[in-house]
Protein chains: 2
Amino acid sequence: MAQQIKRNCSLHLVNTDRDCDTCPLPKKCIGDGLSKEQSDSISSLIKSRGPFQAGETIFRMEDPFKSIFAIQSGSVKIESSLDDGTPLIHGFYFDGELIGIEAIGDTRYQNDAVALENTWICELPFEQIESLCIKIPKLQHEILELLGKRIRYTNSTIVRGRYLSADKRFLLFLSDLYQRKGLVSTNGDRSVTLPMTKGDIAIHLGLRPESLSRALSKLQEEGLIRNRVREIEILGNDQEVFSCVWV
Amino acid sequence: MAQQIKRNCSLHLVNTDRDCDTCPLPKKCIGDGLSKEQSDSISSLIKSRGPFQAGETIFRMEDPFKSIFAIQSGSVKIESSLDDGTPLIHGFYFDGELIGIEAIGDTRYQNDAVALENTWICELPFEQIESLCIKIPKLQHEILELLGKRIRYTNSTIVRGRYLSADKRFLLFLSDLYQRKGLVSTNGDRSVTLPMTKGDIAIHLGLRPESLSRALSKLQEEGLIRNRVREIEILGNDQEVFSCVWV
DNA sequence: CGAATTGTTGAAACTTCTCAATCCGGGTGG
DNA sequence: CCACCCGGATTGAGAAGTTTCAACAATTCG
């Protein structure tokens, strides 16, 4: 099944298992609700690429912007650096999510996109998508919507996060992760596997790795989470753990 | 002249004095380079509104999203708050800039937009803009471009700013302000009038008002700026003052 | 198994926050 | 015209949180 998706790489075929409207981030729902011909014309533009190994680059800062990408499977971190070399991680993206859209309207990508594990992506040549938008109003609407969604996402995570202490900032991150992975209010397995290092999470949250480590230890002592290698488990229900970071 | 712009409120007529491509933020260059008929069809959608007094609300969080707005004259702050009431300021916008675009694809605005001084705005009903985009590919491209620009803007200010100390964070803010107001590398008057309070700037930068005040005093002692009421002047050339926050 | 990376912990330094007092400037009203 | 008032801005001192630097443990990978 997963294999078929990769080979076929049709946006229309995938992602029927998630409700796009509730996702905080743009999902590759593009093409939902279109006619056969319309979704075919989208599918014909798409090129599948992969697999990328952990550490491999999908696009680089200096590369000319030509395409946006939908992650088919795996995960990706978006990073850049300050002039003095300080690394800066803009975000982590998972299967079903779009990357590269922050370069829309510019000539180059502003960041590097690096695979965190074995990753397959779909390339969507943006110029052609744009042309197609003229013919398919619904597609145009979806592109606009996902751009708006991305702006709102940044506001609700990074902007909001600035006002929170290290431990709450991590809980906000974790809450977002659970939502995006569809784990909110699930019974049974309440743990999430982290494809990125804790160090990367720290940088992404604007913290030193040591500070995050301490925050994690503190949250574990308080009995809110279990902190393991490449894995976090929340103990107790969402309400108990996340209430302090929910709106 | 300014009056004429207000009355006419044509996006095409205004903003011929600035180079859109170098603006870090979406400007109301919408409509540049279109045919007479095309720009007329845009102009016919536009409604001028104002004047808003300082403190008056242009749109509220709860309002249904219908329009984006171009600021004709004056300035606006975009704010919301955390659940505990902590105020949170997403940004300040000036004449020629667009607000409300972060609500695109959603049913409501996520923030309040409050005038900081006497302010005139142009309302652009978004549904109609969207329809027009189908007919005018160039307009579609411009809307996509400005949304991308907004994402990049947030990345280069708020995301980057998180990694900077209080005084550098302010310099980054100031540098952005000078760019947007077209004051970079001007000779002569090097001062900028602040329509917002220093307290608002502090919140926007993720600092306490006292912390910003200390940072300003420090920068003044170092001879980089002159700190006055509702006014900041940079002493020395852009290179000297802003180099530490430039990429 | 050893090397390299990642994660944790400790102690001291540093930055920012908090709370309180004071100052300043603009507006109001006598 | 001046005294008063009030919100914004500044300053001080101590508390709190984060960073830094250093050492070490745990994990992964060759």
Side-chain angles (χ1 to χ4, degrees), chain A residues 53-56 77 79 82 84-89 92 114 116-118 161-173 193-222 225-233 244, chain B residues 53-55 77 79 82 84-89 92 114 116-117 161-173 193-222 225-233 244:
Chain A
Q53 306 296 321
E56 275 191 273
K77 72 173 165 183
E79 64 181 350
L82 295 182
D84 62 355
T86 316
L88 194 144
I89 295 180
F92 306 103
V114 180
L116 292 168
E117 59 190 317
N118 256 33
R162 290 195 312 175
Y163 298 87
L164 303 175
S165 58
D167 50 344
K168 287 192 182 165
R169 216 181 285 185
F170 176 77
L171 286 180
L172 181 62
F173 169 80
T193 304
L194 305 170
M196 72 295 278
T197 65
K198 301 245 169 76
D200 277 350
I201 297 176
I203 303 293
H204 172 54
L205 297 178
L207 298 166
R208 300 285 102 187
E210 300 93 326
S211 300
L212 178 62
S213 186
R214 276 181 248 275
L216 292 176
S217 303
K218 186 188 160 215
L219 290 169
Q220 179 163 261
E221 261 178 38
E222 292 171 351
I225 63 166
R226 182 164 304 153
N227 178 27
R228 304 233 202 84
V229 275
R230 292 276 168 136
E231 189 185 339
I232 296 285
E233 185 179 350
C244 67
Chain B
Q53 307 294 322
K77 73 173 165 182
E79 63 180 351
L82 296 180
D84 63 355
T86 316
L88 194 144
I89 294 180
F92 306 103
V114 179
L116 293 167
E117 59 191 317
R162 290 195 313 175
Y163 297 88
L164 303 174
S165 58
D167 48 345
K168 288 194 181 164
R169 215 180 286 186
F170 176 77
L171 286 180
L172 181 63
F173 169 80
T193 304
L194 305 170
M196 73 294 279
T197 66
K198 301 243 170 78
D200 277 350
I201 297 176
I203 304 291
H204 173 55
L205 296 177
L207 299 167
R208 298 285 105 188
E210 299 93 325
S211 300
L212 177 61
S213 186
R214 277 181 246 275
L216 292 176
S217 303
K218 186 189 161 215
L219 289 170
Q220 180 164 260
E221 263 178 36
E222 292 171 351
I225 63 166
R226 182 163 304 151
N227 179 27
R228 305 232 202 85
V229 274
R230 292 275 167 137
E231 191 184 338
I232 296 285
E233 186 180 348
C244 66

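The distance between atom CG of B:L205 and atom P of C:dC17, rounded to the nearest whole Å, is 11 Å. Distance, A:K198 NZ to C:dT9 C1': 14 Å, rounded to whole Å. The CG-P distance, from B:L116 to D:dG8, rounds to 12 Å in whole Å. Taking atom NZ of B:K168 as the reference point, atom P of C:dC14 lies 16 Å away to the nearest angstrom. The separation between B:I203 atom CD1 and C:dC17 atom C1' is 12 Å, rounded to whole Å. Residue A:R228 contributes atom CZ, which lies 17 Å from atom C1' of C:dT8 at whole-angstrom precision. Look at CG on B:L194: it is 13 Å from C1' on D:dG8, rounded to the nearest Å. Atom CD of B:E221 is separated from atom P of D:dT10 by 13 Å (rounded to the nearest Å).
Here the closest heavy-atom approach between residue B:R230 and residue B:K198 is recorded as N-NZ, 4.2 Å.
By the 4.5 Å heavy-atom criterion applied to side chains, B:N227 and B:L219 are not counted as neighbours. In this structure, A:K218 and A:E222 have side chains that are in contact, with non-hydrogen atoms separated by less than 4.5 Å.
Put simply, B:S217 has a side-chain N or O that comes within less than 4.0 Å of OP1 or OP2 on D:dT11. For C:dG7, neither phosphate oxygen OP1 nor OP2 lies less than 4.0 angstrom from any side-chain nitrogen or oxygen of A:N227.
Between A:K77 and A:E79 there is a salt bridge, since a side-chain N of the basic residue sits under 4.0 Å from a carboxylate O of the acidic one.
The CG atom of B:L116 lies 7.0 Å from the CZ atom of B:F92; values are rounded to the nearest 0.5 Å. Annotation: the span from A:C244 atom SG to B:L82 atom CG amounts to 11.5 Å, rounded to 0.5 Å.
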Task: Per-nucleotide protein contact string for nucleotides 13-30 of chain D, where B marks a base within reach and S marks sugar-phosphate only (heavy atoms under 4.0 Å, - for neither) - done: B----SBBB-----S---
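In this structure, A:T197 reaches the sugar-phosphate backbone alone: every heavy-atom distance under 4.0 Å involves primed, P, OP1 or OP2 atoms, never a base.
Although no hydrogens or angles enter the test, the distance criterion places no donor-acceptor pair under 3.5 Å between the side chain of B:S213 and the main chain of B:P209.
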